[in-house]
Amino acid sequence: MKLNLLSCDAPRPDRRAISKCIVEISLNINESLSNELTDILLEGDAVAIEVEDKDTGSALRALRKLSIDYEIIE
């Protein structure tokens with residue numbers, strides 16, 4: 001499943017936690033790319049990632065816990 005990460009509404013977003021979450025839930029994203037994607041997301045631009053279908057529920061829960069708004073693309 002593909003997700004668009006739209007924004008982070010947390011008053012003080014935890015960059016390390018967001019980056020770690022992206023690495024854990026997404027396919028084919030390493031730590032350095034995750035750090036770059038986290039910076040892009042926190043600057044206000046959308047980021048597209050792909051999540052394994054079997055991990056969808058836990059991935060969406062983790063994103064909500066970090067106050068990350070997302071949309072499901074497919």
Side-chain angles (χ1 to χ4, degrees):
M1 170 168 47
K2 292 184 181 179
L3 296 175
N4 237 359
L5 306 183
L6 303 174
S7 64
C8 181
D9 295 336
R12 292 177 35 182
D14 184 350
R15 287 180 184 272
R16 186 179 301 149
I18 294 170
S19 179
K20 184 177 178 183
C21 178
I22 291 173
V23 168
E24 290 176 358
I25 67 172
S26 62
L27 296 172
N28 303 323
I29 293 183
N30 61 23
E31 193 172 325
S32 64
L33 179 56
S34 176
N35 289 332
E36 290 179 37
L37 294 177
T38 300
D39 290 340
I40 292 168
L41 177 65
L42 294 179
E43 288 174 2
D45 294 326
V47 174
I49 63 170
E50 191 167 344
V51 179
E52 277 193 64
D53 288 334
K54 66 177 184 170
D55 297 332
T56 302
S58 60
L60 298 179
R61 213 172 9 263
L63 292 172
R64 284 191 302 268
K65 185 176 179 182
L66 292 169
S67 300
I68 297 175
D69 291 330
Y70 59 86
E71 68 180 354
I72 299 172
I73 297 173
E74 55 178 67

What distance do [X] atom [atom1] and [Y] atom [atom2] have between them, rounded to the nearest 0.5 Å?
{"X": "Glu50", "Y": "Ile25", "atom1": "CD", "atom2": "CD1", "value": "12.0 Å"}
{"X": "Ile18", "Y": "Ile22", "atom1": "CD1", "atom2": "CD1", "value": "7.0 Å"}
{"X": "Leu6", "Y": "Asn4", "atom1": "CG", "atom2": "CG", "value": "5.5 Å"}
{"X": "Ser7", "Y": "Leu5", "atom1": "OG", "atom2": "CG", "value": "9.5 Å"}
{"X": "Leu42", "Y": "Cys8", "atom1": "CG", "atom2": "SG", "value": "5.5 Å"}
{"X": "Glu36", "Y": "Leu41", "atom1": "CD", "atom2": "CG", "value": "13.5 Å"}

Could you tell me if the side chain of [Y] sits less than 4.5 Å from the side chain of [X], heavy atoms only?
{"X": "Cys21", "Y": "Leu63", "answer": "yes"}
{"X": "Tyr70", "Y": "Leu60", "answer": "yes"}
{"X": "Leu27", "Y": "Glu52", "answer": "yes"}
{"X": "Ile49", "Y": "Lys2", "answer": "no"}
{"X": "Lys20", "Y": "Glu24", "answer": "yes"}

Taking [X] for its side chain and [Y] for its backbone only, find out whether a donor-acceptor pair lies under 3.5 Å.
{"X": "Thr38", "Y": "Ser34", "answer": "yes"}
{"X": "Thr56", "Y": "Asp53", "answer": "yes"}
{"X": "Ser67", "Y": "Asp9", "answer": "no"}

Problem - Over 12 non-hydrogen atoms of neighbours within 6.0 angstrom of CG in Asn30 - result: yes

Handout entry: Glu71 atom CD, neighbour heavy-atom count above 12 within 6.0 Å
Key = yes

Problem - Presence of salt bridge, Arg64 and Asp69, under 4.0 angstrom - result: no

Practice task
List the atom of Val23, the atom of Glu31, and the distance in Å for their closest heavy-atom pair.
Solution key: CG2-CA, 3.8 Å

Handout entry: Cluster link Ile73 to Leu37, ILVMFWY, side chain under 4.5 Å
Key = no

